[in-house]
Every structure is written in structure tokens, then in C-alpha cells.
Amino acid sequence: MSIGHYLVLSGLLFSVGAAGVFLRRNLITLLLSVEIMLNAVNLAFVAFGRQLGTVDGQIITFFVMTVAAAEAAVGLALVIGLFRHRESLNPEAFTSLKW
Amino acid sequence: MGSDQLLFFGFAGVSVLGSLFVIGQRNPIYSVLALIVSFFGLSGLYVLLEAPFVAVVQIIIYAGAIMVLFLFVVMLLNVPREGESEWDKAHPNFRPWPMRIGAVLSVLMVTELVWALSRTPGMTIGVADERPGNSSVAELGRVLFTDYMFAFEVTSILILIAMVGAVTLAKKREH
């Protein structure tokens with residue numbers, strides 16, 4: 001398989017994730033779409049690492065996964081806090097700075 | 001078509017269809033489960049790229065830990081299906097028009113990416129053509145703990161901060 005195949009697939013997944021952020025009106029699905037985008041980038045990293053014959057691409061992938069885990073933990077804690085206030089997960093419900 | 005190509009397109013199909021299912025529906029529980037399916041497809045692609053350790057970590061950490069966290073929050077909050085709470089019905093942005101613009105933007109991005117990649121030289125070189133793969137976990141560990149030592153230590157602080165932050169944010173206020 002050529003590097004182009006993997007990069008097109010990576011771009012496709014990234015666009016699906018971006019479309020999710022644009023289209024969905026639910027904070028949890030938004031976070032899931034961000035995870036899709038992070039994974040698309042991971043795939044590109046590993047493909048380039050394979051082509052260069054080094055392990056650096058795989059190592060960057062671990063760092064991306066760690067950041068994704070941290071982001072998910074903090075993001076979901078925020079979601080819980082916001083849901084307690086409004087009983088809704090629609091991001092449009094949280095447009096005021098203070099309540 | 002060789003077995004390599006068959007596997008690539010199979011796993012690619014699973015991951016793309018899984019991702020489309022994630023964004024294509026309103027019940028968050030199904031979204032989380034579809035994303036796990038998509039991660040299994042990606043994990044297969046990592047095996048094809050001779051990165052078995054990343055593939056295993058993808059399953060254990062992503063599908064096993066992060067997605068369980070999502071699932072736990074979805075069930076804890078008893079999340080309403082999208083479009084059913086009062087906020088969703090009242091807001092002007094929930095009309096179809098702004099959503100169509102978002103869809104157009106993402107289709108535009110796919111087109112641009114594919115166009116740019118198709119004009120970049122060297123895209124038809126096979127990933128495994130030029131150099132032998134490096135899939136040894138020992139080498140991975142050696143590079144991680146020598147060349148990337150600083151980044152590794154910073155990551156541990158990041159996780160600590162994220163943990164403290166998550167506990168503080170999700171804690172019930174006294175007042």
C-alpha cells in the first residue's frame with residue numbers, strides 16, 4: 001500500500017471528525033469527534049514512521065493518546081458540571097458567561 | 001488484488017464507516033460504541049503498518065479506558081437524545097441551514113486534502129518499499145526513555161494536572 005492511501009484515509013477520517021464538530025449539537029458527541037480527529041492524525045504519524053523506518057512516529061502516537069486521555073477526563077468533568085446547571089448538553093445552552 | 005490490499009480496504013472501510021456512524025446519529029451511547037468499532041479498524045491498520053504495540057495500546061487504552069470513561073459519563077448523566085430538550089427546540093442555530101453550511105465546509109475540506117495529496121510528489125511510493133519496518137518494543141522503549149525523556153516526564157505532569165482538574169471540576173459544590 002502506498003503512503004498516499006494512508007494519508008487520504010487519514011484526511012478522510014479527520015474530515016469526518018471535523019464534520020461531527022460542525023454538525024452535532026451534543027457536547028459528548030463533540031468530544032467523540034475530536035477523538036476521531038486525533039486518531040486520524042495518529043494514523044498519518046504511524047504511516048510516515050513506517051515509511052522512514054523509525055519508531056518516532058509510534059512514539060508521537062503515545063503522546064497524542066496521553067493528551068487525548070487528559071482531554072477526555074477534563075472535558076467530561078466539564079460536561080458533568082455544565083449538565084448540572086442546565087439539564088442539557090446542547091452547546092448553545094452555555095452561551096452566557098455568568099449565571 | 002493481494003491480501004494486503006484487501007485487508008487495508010477492509011480495515012479502512014470499518015474505521016470510516018464507524019466514524020460516519022458516530023456523527024450520523026443522535027443517541028450518544030450508539031456513538032460511543034460505533035467509535036470503539038472504528039478504533040478496532042484503526043488498530044488493524046496499525047498492524048498492517050508493522051506497529052503491533054501501537055495497535056495493542058489502541059485497543060487497551062483507547063477502546064478499553066477512554067471509551068469506557070465516555071460510556072460511564074453518558075450513563076451517569078442519562079443524556080437526553082439530541083434535539084429533545086427544551087434548549088434544542090428553542091435555539092435558531094438548530095435549524096437545518098447552519099448545519100448544511102457545516103456539512104459543505106467539511107466536504108470542501110475532504111476535496112482540498114485529496115487534491116493537495118494528489119499533487120504532492122512521492123505519494124505512490126509504498127510505505128514498506130524503501131526501509132525495513134521497526135516494530136521491536138525494546139527499540140520503542142529505548143527511544144522513548146532516551147530521546148523523548150523530557151517529553152515523557154512532562155506528560156506525567158500533564159496527566160497529574162488533568163486528574164486534579166477533573167476531580168475539582170466534577171466535585172459537587174457545597175453552597
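By convention in this document, chain letters (A, B, ...) are assigned in the order of the sequence lines, proteins followed by strands, and residues within each chain are numbered from 1.
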Which residue out of A:Q58, A:Q51, A:R50 racks up the most heavy-atom pairs below 4.5 Å with chain B? A:R50
Would the distance check show the side chain of B:R26 and the main-chain N or O of A:N26 forming a donor-acceptor pair, the cut-off being under 3.5 Å? no
CZ of A:F63 to CG of B:L144: how many Å apart, nearest 0.5 Å? 5.0 Å
Hey, which of A:L52, A:N39, A:V21 has the most heavy atom pairs under 4.5 Å with chain B? A:N39
Do B:L113 and A:S15 pass the side chain to side chain contact (heavy atoms under 4.5 Å, CB included) test, and can you show the C-alpha distance, the side-chain angles, and the key distance before you say yes or no? CA-CA 9 Å; B:L113 279 171; A:S15 306; 3.9 Å; yes
First locate atom CG of B:L77, then atom CZ of A:R84, and finally report the distance between them rounded to the nearest 0.5 Å. 8.5 Å
Would you say the side chain of B:L42 lies within less than 4.5 Å of the side chain of A:L13, judging by non-hydrogen atoms? yes
Between A:L12, A:L78, A:I3, which has the largest tally of heavy atom pairs under 4.5 Å with chain B? A:I3
Evaluate side chain to side chain contact (heavy atoms under 4.5 Å, CB included) for B:Y148 paired with A:F62, printing each intermediate quantity in order. CA-CA 11 Å; B:Y148 292 90; A:F62 294 139; over 6 Å; no
So what's closer than 4.5 Å to chain A heavy atoms on B:E112: side chain, backbone, both or neither? neither
Which heavy atom of A:L32 sits nearest a heavy atom of B:S31, and at what distance? CD1-CB, 3.7 Å
Close side-chain approach of B:L48 and A:M1, heavy atoms under 4.5 Å: no
Return the minimal non-hydrogen interatomic distance between A:G20 and B:I23, and the atom names on each side. CA-CG2, 3.4 Å
Pairwise distance CG(A:L38) to OH(B:Y62) - rounded to 0.5 angstrom: 5.0 Å
Heavy-atom pair of closest approach, residues A:A18 and B:M109: CB-CE, 3.4 Å
Identify the heavy atoms of B:A12 and A:L9 that sit nearest to each other, and give their distance. CB-CD2, 3.6 Å
ILVMFWY network linking B:V47 to B:F39, side-chain heavy atoms under 4.5 angstrom: no
So which part of B:L117 gets closer than 4.5 Å to some heavy atom of chain A, the side chain, the backbone, both or neither? side chain
Chain B shares the most heavy-atom pairs under 4.5 Å, among A:N42, A:V8, A:T61, A:L30, with A:N42
Once rounded to the nearest 0.5 Å, what's the spacing between atom OG1 of A:T66 and atom CD1 of B:I61? 8.5 Å
Heavy-atom side-chain contact between B:I161 and A:V74 under 4.5 Å: no
If I measure from the heavy atoms of chain A, does B:I159 come under 4.5 Å with its side chain, its backbone, both, or neither? side chain
At what distance, to the nearest 0.5 angstrom, does CD1 of A:I59 lie from CG of B:L140? 5.0 Å
Heavy-atom pairs under 4.5 Å with chain B are the metric here; pick the option from A:V67, A:L43, A:T54, A:I80 that has the most. A:L43
Segment of B:M163 engaging chain A (4.5 angstrom heavy-atom cut-off): neither
dist B:L35:CG -> A:L31:CG (nearest 0.5 Å) comes out at 11.0 Å
Heavy-atom distances under 4.5 Å only: say whether B:L108 touches chain A with side chain, backbone, both or neither. neither
Region of A:I28 that comes under 4.5 Å of a non-hydrogen atom in chain B: both
For A:S2 and B:T124 the tightest heavy-atom approach is CB-O, 3.5 Å
Let me know if B:V32 has heavy atoms under 4.5 Å from chain A in its side chain, its backbone, both or neither. both
